[in-house]
Amino acid sequence: MVMIEGGPFRHDADPNTATAPRGVGHLRGDVAFPTAARAALTDSQLRRNIGKATGTIRAKRADVVAEVADWEQLREAGRACKAATMARLPELLVQLEERVVAAGGTVHWARDAVEANAIVVDLVRATGSDEVVKVKSMATQEIGLNEALAEAGIAALETDLAELIVQLGDDTPSHILVPAIHRNRAEIREIFLREMPGVDPELTDEPRRLAMAARTHLRRRFLSARVGVSGANFAVAETGTLSVVESEGNGRMCLTLPDTLITVMGIEKIVPTWRDLEVFLQLLPRSSTGERMNPYTSMWTGVHPGDGPQDVHLVLLDNGRTATLADEVGRQALACIRCSACLNVCPVYERTGGHAYGSVYPGPIGAILSPQLTGIADNASLPFASSLCGACYDVCPVKINIPEVLVHLRARHVEERRASRTVPNAEELSMAAVGWVMAEPRRYAAAQRAARAGRMLAGGRGRIRSLPPPLSAWTASRDLPAPPTETFRDWWARTHADDDRSDHTSRASSSDSGRHTS
Amino acid sequence: MSARDDVLARVRRALATDEPSIGDVPRTYRQRGDRPPGDPALIDLFVERLTDYRAHARRTTTDDVAGHVARAISEGLDQPGRDRHAPPRIVVPSGLPTNWLSATDADVIPDAGLTVDELDACDGVVTAASVAIAETGTIVLDGESDQGRRAISLVPDLHVCVVRTDQIVETVPEGVARLDPGRPLTWISGPSATSDIELDRVEGVHGPRTLHVVLLDG
Amino acid sequence: MQIALFVTCLADTIFPDVGMATVRLLERLGHRVVFPTAQTCCGQMHVNTGYQREAIPLVRRYVDGFEPFDVIVAPSGSCIGSIRHQHAMVARNFGDDALAARAERVAERSYELSELLVDVLGVTDVGAHFPHRVTYHPTCHSLRMLRVGDRPLQLLRAVAGIDFVELADADECCGFGGTFALKNADVSTAMLADKMRNVLSTDAEYAAASDASCLMQIGGGLSRLRTGVRTVHLAQVLAGTVDRPWEVASWS
């Protein structure tokens, strides 16, 4: 039999793939997921905050999705549209550039985070401003734009309420939609009282009062802002239209009032036609905030004379997206519209929160996106941070088969590690050994007999309470039944011996011998 | 090689190994609703969805539109802490029908390039709309002369929006089809809101905290 | 009908009662069970841990062993899920398109127990008697890979004497996830804790499921905490009758 060496799992070995560079941005954690998760699991406040918030949003999403009779057709259209977009990406990017330029905008291209940050810093410097107001944007979080601006002496003011909470608290985001989901109202009140100049000392933890405090804090800054920085939810190639979907009106402020608008957008955010928005504007709000429609969606096409910013820029960002695109199975992660429904249903995310993932993209989508953007070696624990329960796939509005990609990336990781080392590690040895045993029934039966020796480990009631590593990870919290005195196949041989003969007869007569060659 | 050429070359290389096919997008979802624009059931649905998001809605005819706009302004500004002695300052786009404002006692200020600070000194704004979507409780402004530039419907704290009932479609696809992507578009579904504190929705943040919709029949 | 049993390596080695109950149930319904002795393991653990290369011989073993049969059953949603959704993919990934094509055909004839009973054999009342308070964990792969829906519940509700009680947050994962339970043991345990809390709040004597792996996780936790609640496979609930009750062995 012909076997392709390494199968389809050797992407990082291709010198042409360009992953997101190290040392800039927020795609890599300091510690592996299991270690970070262990700490998070002991944080009772965090567990309560995330559990309560995700429970709330799960119920809201389920309600508004249930009222859409054609939800499955919309999901399929969303999936197909994104797949077609990826297949046509070169021409669509060129078309988008043409249309934006024709409408009076300027388009910039950035290979990675370093280039994108430099482009934005230069554009802000050219305006003479030392402050920018920002709409919440995953792309600018990913590339660490705020830090790059700070180094250049430019203050970046986050205006989304949750981003503001994170920024004031000198914290990091833990959720795609609600970066401060790990904070409850009492903690937010404390942060505001501590960090917000001129805040009302009588501030309560009532959400409405907290939102009003943010309004007062940001109002003057909006009205005097000269430069706005945003991401984009969608970019329509055929028209050059960019779109931002939001709730609070901070987005409208940043997109409308400044003289200069700089939008940083991953190259995968394109949709081919104007009409495609009719699909995504139904899928996104219901999946994301559990609303029929979000309060505000802004759409602009280049410069609109006399209305809004007259100096409009678009920065198209790669930063590992082309490396992701090169993986035939993994590229579906690029269809993500950042709704965060997969986070909210994930039993792992619900218990660890987002920080444990180490990347601005946490949860199930982060577990397949971050390792592809950085190369798997830099985020090797993430594809394993899932029980493969599949809840994420069910709620994904564009039908990204997250469990499939997780399994695929696990194989890529194993194959890449194998290719980079000559001496196998303990896991590789044991997996090879088990595979070898299981491949041959005689070896398998012998191993079962050997396992029966494990009965000696069991206490009087047939339970094993302690095993050596790595199985100690099991017995730390769970018992294991002792292997039984008789396996199923032994019982079968004892009770159905006559059947076995007829079974063989039946097989020989009923099967085509040609089908047996292996 | 420029970054542009390099990124495009990388994209082409990434697709070269398997040349994924460009499938058609199956548009088997609902393209249009069951009811024509302006159908009474649609208007009821639109009102229900608006109020669900704490927007206010009232219905009127051409004869009484000015009275309803005036009442929407006075109710919308009936907030604790507001000085009721000074007449409210209401900005309007240049092309707004003047008869809509004939009953209000507010200072009506036509937008002739007001500065941001001047807009901030306004208590409210009255605009028309371009399209409304019943299922989602959405109104869309497109910068036409009766709607004005985006800033005027953003900075003041009260937005009174007059929607002609024949502008109300049932579904999002019907709404998208009626819009011109070349114009600056603002989709508005209720007053500004946030879910950022414990994913619980509260209305009223940076955009107008109060939204009154006047539905104009005929 | 002749039905080939894929007992699964876990049931064969650790939970033989599950296989025996499946045999007794199907024989009682008048079918002839065959057990191809050349079977071993579906390879799911290897595939889900990234060792697809090592899984290929196991895929081939399954296909070779079960290809001659028209109807194949396994008392495990996740093993059938792997057979249906992973076998052909693994073969194809390593360039064996012929094996992939054969795997697809065998997978079409491979059923999880509740699918076999309800869809193929057309029964929901199997004449079982199980006079106990029972709750049911539907298992992720049965629900979301196989879409068995409420088939197991239809079967359980038809059992005579049963006191069936719904499980809160039933569709949430128990935290097993194969090697996830070892690689991310802490998260796995946190998930298990919530599953156990829901099980205990039902006051059931038995927590049932259709997958020995999930039962090993849930039962492992319930046993460690001496809760007195036992786990039982759907096949065991369905195996007993008034005349011939199925005695659920306490673990081992």
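The model shown is predicted, which means the values in this text are computed figures rather than measured ones. Quick note on labels: first sequence line is chain A, next is B, and so on, each numbered from 1. Hydrogens, waters and symmetry mates are skipped; everything else that's a heavy atom, side chains included, is used.
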Toward chain C, the part of A:Arg417 with a non-hydrogen atom under 4.5 Å: side chain
Residues C:Thr139 and C:Asp211: side-chain donor-acceptor under 3.5 angstrom: no
Structural part of C:Leu225 lying under 4.5 Å from a heavy atom of chain A: neither
Between C:Thr49 and C:Thr179: side-chain donor-acceptor atoms closer than 3.5 Å: yes
Chain C contact via A:Phe384 - which portion, at a heavy-atom distance below 4.5 Å: both
Contact class of C:Leu143 relative to chain A, heavy atoms under 4.5 angstrom: neither
Atom group of A:Val434 that falls short of 4.5 Å from chain C, counting heavy atoms: both
Atom group of C:Leu58 that falls short of 4.5 Å from chain A, counting heavy atoms: side chain
C:Arg24 bridged to C:Asp17 by N-O distance under 4.0 Å: no
Residue, of A:Cys389, A:Ala411, A:Ala37, A:Ala473, that accumulates the most heavy atom pairs under 4.5 Å with chain C: A:Cys389
Ring-ring centroid check C:Tyr62 C:His87, cutoff 6.0 Å: yes
Any side-chain donor near an acceptor of the partner, A:Tyr393 and A:Glu404, under 3.5 Å: no
C:Glu112/C:Arg84 ion pair, N-O < 4.0 Å: no
Interface moiety of A:Pro470 toward chain C, non-hydrogen atoms closer than 4.5 Å: backbone
Side chain A:Arg351, main chain A:Leu41, donor-acceptor under 3.5 Å: no
Under 3.5 Å donor-acceptor, C:Arg224 side chain and A:Thr475 backbone: yes
Chain C interface, residue from A:Val348, A:Val437, A:Asp394 that has the most non-hydrogen pairs under 4.5 Å: A:Asp394
Contacting region of C:Gln39 [heavy-atom separation from chain A under 4.5 Å]: both
Sidechain N-carboxylate O distance under 4.0 Å for C:Asp64, C:Arg61: no
Top contributor to chain A interface from C:Ala98, C:Ala190, C:Pro57 [non-hydrogen pairs under 4.5 Å]: C:Ala190
Proximal component of C:Cys174, with respect to chain A [non-hydrogen, under 4.5 Å]: neither
Interchain contact, A:Ala40 with chain C, by part (heavy-atom threshold 4.5 Å): neither
Residue A:Ser386 versus chain C: region with a heavy atom under 4.5 Å: backbone
Between C:His137 and C:Gln217: side-chain donor-acceptor atoms closer than 3.5 Å: no
Side chain / backbone / both / neither for C:Val7 at chain A, heavy atoms under 4.5 Å: side chain
C:Asp12 side, atom CG; A:Gln448 side, atom CD - distance, nearest 0.5 Å: 4.0 Å
When A:Glu350, A:Arg47, A:Arg418, A:His413 are compared by non-hydrogen pairs under 4.5 Å with chain C, the top option: A:Arg418
Chain A contact via C:Val23 - side chain, backbone, both or neither, heavy atoms under 4.5 Å: side chain
Atom group of A:Thr352 that falls short of 4.5 Å from chain C, counting heavy atoms: side chain
Residue selection (most heavy-atom pairs with chain C, distance under 4.5 Å) from A:Arg452, A:Arg442, A:Glu428: A:Glu428
Parallel, tilted or perpendicular, as decided by the 30° and 60° cut-offs, for the rings of C:Phe176 and A:Trp474: perpendicular
